[in-house]
**Q** 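Mind having a look at this structure? Questions to follow.
Letters A, B, ... mirror the listed sequences (proteins, then strands); counts begin at 1.
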Amino acid sequence: MKKLIINLIKNACHKISIDLNENEIQIDRPKSLEHGDYSSNIALQISKRLKKNPREVADILINEMDYQTYFEKLELAGPGFINFFLNSSGKASQLNDVFDLKEDFGKNKTGNNQTLQVEFVSANPTGPLHIGHGRGAAIGDCLARIFQANGWDVTREFYYNDAGAQINNLALSVQARLKNIDPDHEDFPQDGYRGDYIQDIATAYSQKKSLSSELEEVVASGNVEDLKNIQQFSVAFLRNEQNQDLANFRTFFDVFTLESSFYVNQDIENVVKTIKQNGFTYESDDALWLKTTEFNDDKDRVMQKSDGTYTYFVPDVAYHKNKWERGFKRVINEQGADHHSTITRVRAGLQALNMGIPQDWPEYVLHQMVTVMKNGQEVKISKRAGSYVTLSDLVNQVGCDATRFFLVSRKADSQLIFDIDLAQSKSNDNPVYYIQYAHARIFAVLDQAKFKSSNISECLIELLSSNHESQLMKKISEFPDIVFLSGEEKSPHYIATYLKELAGDFHSYYNDSKFLVDDVNLQSARLSLVFAVKQVIKNGLELLGLSAPEKM
RNA sequence: CUGCCCGUAGCUCAACUGGAUAGAGCAACGGCCUUCUAAGCCGUAGGUUACAGGUUCGAUUCCUGUCGGGCAGGCCA
């Protein structure tokens, strides 16, 4: 429909000797019904070129447009907007899209089946997932779903650090527990992990349990001195736990990549060698430095420490080189904003490889911190992890649907306050139930009427003339735009906002009008409309990874 | 000190990437269940969009500055 309007405008402009590119023409969906189904500000944009008053220009354009097929009328409004009002034929065409496409309504093919990788969560296996990982999981998973709906071939990837100082630290912490050294004892490792979960690992280790990780089967020897075995077992243990937490959060991955693999295959060494050869390094203070300042950083960064090991971003560069070589022309990394300083370094490292990787590759979506509140107080600890609130605590307390919804319904770059009491309440306080309730209500009505989906005719559409009905039809037709937009903007929260609005429109309609009326035609028209609403709510919930219950 | 993010109703957040009268929910107040699910609806009240400039037909949105909050700036990740 938008395309059609753009063409109408383009042709009309052509007639008055203004030739426009299609992407210069902007079509809006007005907030208020009074302003029609669509509107264009084109007259305001070109009035200067014509040296005429915008309203005058709009008037001319309206007269030049041959709009009768789908529109009842065009109106000149405000400073020079042109408002388009659909006729029955236009409305029927929009509503029938839902019946024709069903679960595919809202999707498009703009991705053209190109590959796209979304990397998210990527938590290190040093402890249970926390609420911040939850936000990353919700946003990343929804992004993946949205990009799939926009026609991309999406790979979900999880990268984790299974080597290096922190992992060593983990092993030492477990070993200390095995030796019955208490976390507050002075012999406990200085930077050790002190949560109760370390004890769980130690207990399982001493029971000689066996665990499978992404790569291999790990059997605990029970030997307190075998640090290597303790480390492998601890990583496998925590990876298993994280995967369980993610599964409970309905989050799944296609590929797991291990940092250690880039040491094993010598990619890291080779990356450093190449960057050196390309002349982007120098030695100073016994360390090897990367000239990141040549790539927009405010100071150079150490690549290889004086002890010979690499700093954390070097494996990251090797990893991203690997992503590029796997053919991902487009990669989106979802991370916490506290790691934003790595962006410049990773991109700089990739540029220094001189292998034709675009400067702004990969893309990033960063989310800000989450603060958890309960009883009006900030919650900072959990029993198991000690120093932070775990994802599993939240999912257990408020459920997967509510947790996902809260974490994804806010702009990623705003800090968010997660109010446990609000998310827990099974009342009108809770927006996720509000949306699901609309779905369940419609299901109940359709079930009673034994309504089956079918296309709606123009004469039935004419029976849907109330404000509520017009509003709902307009809202439904906006869904594909929202799906597209949330992909373009990498912002899943648009879907959440949209669903709240759609559910609100429906609840108002429900209270205002009865659907199961005696007039057969009227009943059929109304049921068709609410059937379409149900389909769109379901499709939207699916994009957020939420259930669409039929009974509540 | 420097960089990034944020600042909208008492609280939690929107505002379709510059549009028309800045919207929801919670909290407050007043209504609606013998009628398809009241986890719902309707109404009242609540705003100088942190502040000051600028850009233009038009700014919550873009630019500059100030103030306030968060996060980074380690040979930690």
**Q** Rounded to whole Å, how long is the line connecting atom CG of A:L33 with atom C1' of B:G23?
**A** 15 Å
**Q** Judged by each residue's nearest nucleotide on RNA chain B, which is more toward the 5′ side, A:N511 or A:Y437?
**A**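 Here A:Y437 is the residue nearer the 5' end.
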**Q** To the nearest 0.5 angstrom, please state how far the OH atom of A:Y38 sits from the CE atom of A:M1.
**A**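 Between A:Y38 OH and A:M1 CE, I get 5.5 Å after rounding to 0.5 Å.
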**Q** Applying side chain to side chain contact (heavy atoms under 4.5 Å, CB included), run through A:Q26 and A:D28 and close with a yes or a no.
**A** CA-CA 7 Å; A:Q26 185 189 334; A:D28 286 324; 3.4 Å; yes
**Q** Does A:R301 place a side-chain N or O at less than 4.0 Å from the phosphate oxygens OP1/OP2 of B:G74?
**A** yes
**Q** Looking only at side-chain atoms of A:Y434, point me to the closest of B:A14, B:C41, B:C36.
**A**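 Looking only at side-chain atoms, A:Y434 lies closest to B:C41.
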**Q** Rounded to the Å, how far apart are A:Y509 OH and B:C42 P?
**A** 15 Å
**Q** Hey, is B:C57 sitting syn or anti, using the within-90° cutoff around 0?
**A** anti
**Q** Touch check for A:S39, heavy atoms < 4.0 angstrom, all strands: base, sugar-phosphate only, or nothing?
**A** base
**Q** Checking A:Y509 against A:E469: is there a side-chain donor and acceptor pair closer than 3.5 Å?
**A** yes
**Q** Answer yes if the side chains of A:T126 and A:N124 hold a donor-acceptor pair under 3.5 Å, and no otherwise.
**A** no
**Q** Give A:R29 one of three labels, base, sugar-phosphate or nothing, depending on what nucleic acid heavy atoms sit under 4.0 Å from its own.
**A** base
**Q** Closest to the A:I417 side chain: B:A39, B:A20, B:C13?
**A** B:C13
**Q** Using atom CG of A:D419 as one end and atom C1' of B:A27 as the other, report the distance to the nearest whole Å.
**A** 12 Å
**Q** From B:A72, B:C75, B:A39, pick the nucleotide closest to the side chain of A:W289?
**A**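 Looking only at side-chain atoms, A:W289 lies closest to B:C75.
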**Q** For A:K305 and B:C76, is the shortest distance between a side-chain N/O and OP1 or OP2 below 4.0 Å?
**A**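 Result: yes.
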**Q** Classify the nucleic acid contact of A:N83 as base, sugar-phosphate or nothing, counting any heavy atom under 4.0 Å across all strands shown.
**A** base
**Q** Tell me what A:E34 touches on the nucleic acid: a base, only sugar-phosphate, or nothing, going by heavy atoms under 4.0 Å.
**A** base
**Q** Between B:C5 and A:H367, is there an OP1 or OP2 to side-chain N/O distance shorter than 4.0 Å?
**A**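 No, because none of the side-chain N or O atoms of A:H367 sits under 4.0 Å from OP1 or OP2 of B:C5.
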**Q** Assign A:D413 to base, sugar-phosphate, or nothing according to its heavy-atom contacts below 4.0 angstrom with the strands shown.
**A**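 Since only primed, P, OP1 and OP2 atoms lie under 4.0 Å of A:D413, the category is sugar-phosphate.
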**Q** So is A:R441 actually on top of A:Y510's ring, under 6.0 Å and inside 45° of the axis?
**A**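 Verdict for A:Y510: a cation-pi partner in A:R441.
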**Q** Nearest whole angstrom, please: distance from the P of B:C36 to the CG of A:L522.
**A** 17 Å
**Q** Whole Å only: how far is the CD atom of A:E489 from the P atom of B:A14?
**A** 14 Å
**Q** Regarding A:L516, tell me which of base, sugar-phosphate or nothing describes its non-hydrogen contacts under 4.0 Å with the strands shown.
**A**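 Base, at least one base atom sits under 4.0 Å.
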**Q** What's the CG-P distance between A:D505 and B:C41, to the nearest Å?
**A** 11 Å
**Q** Taking only Watson-Crick and G-U wobble pairs with both distances under 3.5 Å, what dot-bracket line describes RNA chain B, where [ ] shows pairs that cross earlier ones and | shows pairs with another strand?
**A** (((((((..((((.....[...)))).(((((.......))))).....(((((..]....))))))))))))....
**Q** Using a heavy-atom cut-off of 4.0 Å across all strands, would you classify A:E259 as base, sugar-phosphate, or nothing?
**A**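 No contact.
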**Q** State which of B:U37, B:G3, B:C75 makes the closest approach to the side chain of A:H340.
**A**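 It is B:G3.
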**Q** Which letters describe nucleotides 57-62 of chain B, given B = protein heavy atom under 4.0 Å from base, S = only from sugar-phosphate, - = neither?
**A** B-----
**Q** To the side chain of A:R410, which of B:U12, B:A20, B:C5 is closest?
**A**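 Shortest atom-to-atom distance from the side chain points to B:U12.
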**Q** Taking only the P atom of each, what is the distance from B:G70 to B:G58 in whole angstrom?
**A**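 About 38 Å, rounded to a whole number of Å.
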**Q** Quick one: label A:L366 by what it contacts on the DNA or RNA (base, sugar-phosphate, nothing), any heavy atom closer than 4.0 Å.
**A**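 No contact.
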**Q** On the nucleotide B:C36, are OP1 or OP2 found under 4.0 Å from the side-chain N or O atoms that A:R526 carries?
**A**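 No, no such contact exists.
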**Q** Does anything in residues 488-501 of chain A pair up under salt bridge (charged side-chain N to carboxylate O under 4.0 Å, His left out), and if so which pairs, sequence neighbours excluded?
**A**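 Sorted result for residues 488-501 of chain A: A:E363-A:K490, A:K475-A:E501.
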**Q** How long is the span from the CE atom in A:M369 to the OG1 atom in A:T371, to the nearest 0.5 Å?
**A** 5.0 Å
**Q** Please say whether the positively charged group of A:R239, taken as NZ for Lys or CZ for Arg, lies over the ring of A:F158, i.e. under 6.0 angstrom from the six-membered ring centre and within 45 degrees of the axis.
**A** yes
**Q** Mind checking A:N161 for me? I need base, sugar-phosphate or nothing, with any heavy atom below 4.0 Å counting as a touch.
**A** sugar-phosphate
**Q** Does NZ or CZ of A:R194 come closer than 6.0 Å to the centre of the six-membered ring of A:F188, within 45° of the ring's axis?
**A** no
**Q** In whole Å, what separates the P atom of B:G23 from that of B:U48?
**A** 15 Å
**Q** Here's a test of your reading of the structure: between A:S508 and A:A440, which maps to the more 5' nucleotide of RNA chain B?
**A**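 Nearer the 5' end of the strand: A:A440.
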**Q** What is the distance from CD of A:Q335 to P of B:A72, rounded to the nearest Å?
**A** 13 Å
**Q** Ignoring backbone atoms, establish whether A:K299 has a side-chain N or O less than 4.0 Å from OP1 or OP2 of B:G3.
**A**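 No, because none of the side-chain N or O atoms of A:K299 sits under 4.0 Å from OP1 or OP2 of B:G3.
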**Q** Quick one: do A:D401 and A:Q436 satisfy side-chain hydrogen bond (donor to acceptor under 3.5 Å, both in side chains)? Show the steps, please.
**A** CA-CA 10 Å; A:D401 278 346; A:Q436 292 177 325; 3.0 Å; yes
**Q** What does A:Q448 touch in the nucleic acid at a heavy-atom separation under 4.0 angstrom: a base, only the sugar-phosphate, or nothing?
**A** sugar-phosphate
**Q** Identify which nucleotide among B:U17, B:U35, B:A14 has an atom closest to any side-chain atom of A:K514, counting heavy atoms from C-beta outward.
**A** B:U35
**Q** With heavy atoms under 4.0 Å as the rule, sort A:A444 into base, sugar-phosphate or nothing.
**A**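 Base: the residue A:A444, judged by heavy atoms under 4.0 Å, touches a nucleobase.
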**Q** If you check every side-chain atom of A:S306, which of B:C75, B:C13, B:A14 has the closest atom?
**A**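 Looking only at heavy atoms from C-beta outward on A:S306, the closest nucleotide is B:C75.
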**Q** Select one nucleotide: of B:C76, B:G70, B:G73, the one nearest the side-chain heavy atoms of A:Q415.
**A** B:G70
**Q** Can you tell me how far CG of A:N161 sits from OH of A:Y312, rounded to the nearest 0.5 angstrom?
**A** 12.5 Å
**Q** What class does the angle between the rings of A:F256 and A:Y160 fall in, given that below 30° is parallel, 30 to 60° is tilted and above 60° is perpendicular?
**A** perpendicular
**Q** Could you please name the option among B:G19, B:A72, B:A14 that lies closest to any side-chain atom of A:D338?
**A** B:A72
**Q** Counting only side-chain heavy atoms from C-beta out, which of B:U17, B:C16, B:G70 sits nearest to A:Y494?
**A** B:C16
**Q** Determine the contact category for A:M552: base if any of its heavy atoms lies under 4.0 Å from a base atom, sugar-phosphate if only primed atoms, P, OP1 or OP2 are that close, otherwise nothing.
**A** base
**Q** Pick base, sugar-phosphate or nothing for A:H339, based on heavy-atom distances below 4.0 Å to the nucleic acid.
**A**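 It contacts base atoms.
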**Q** For a quick check of understanding: with a heavy-atom distance under 4.0 Å over all strands, which category does A:T292 fall into, base, sugar-phosphate or nothing?
**A** nothing
**Q** Taking atom C1' in both B:U49 and B:U2, compute the distance separating them and give it to the nearest angstrom.
**A**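 Each nucleotide's C1' atom is 29 Å from the other's.
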**Q** Salt bridge check: are A:E119 and A:K323 linked by an N-O gap of less than 4.0 Å?
**A** yes
**Q** Between the side chains of A:D481 and A:K2, is the shortest nitrogen-to-carboxylate-oxygen separation below 4.0 Å, so that they form an ion pair?
**A**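 Salt bridge flag = yes for A:D481 with A:K2.
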**Q** Just the rounded figure in Å: distance from P of B:G43 to CG of A:D512.
**A**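 For the pair A:D512 CG and B:G43 P, the rounded distance is 11 Å.
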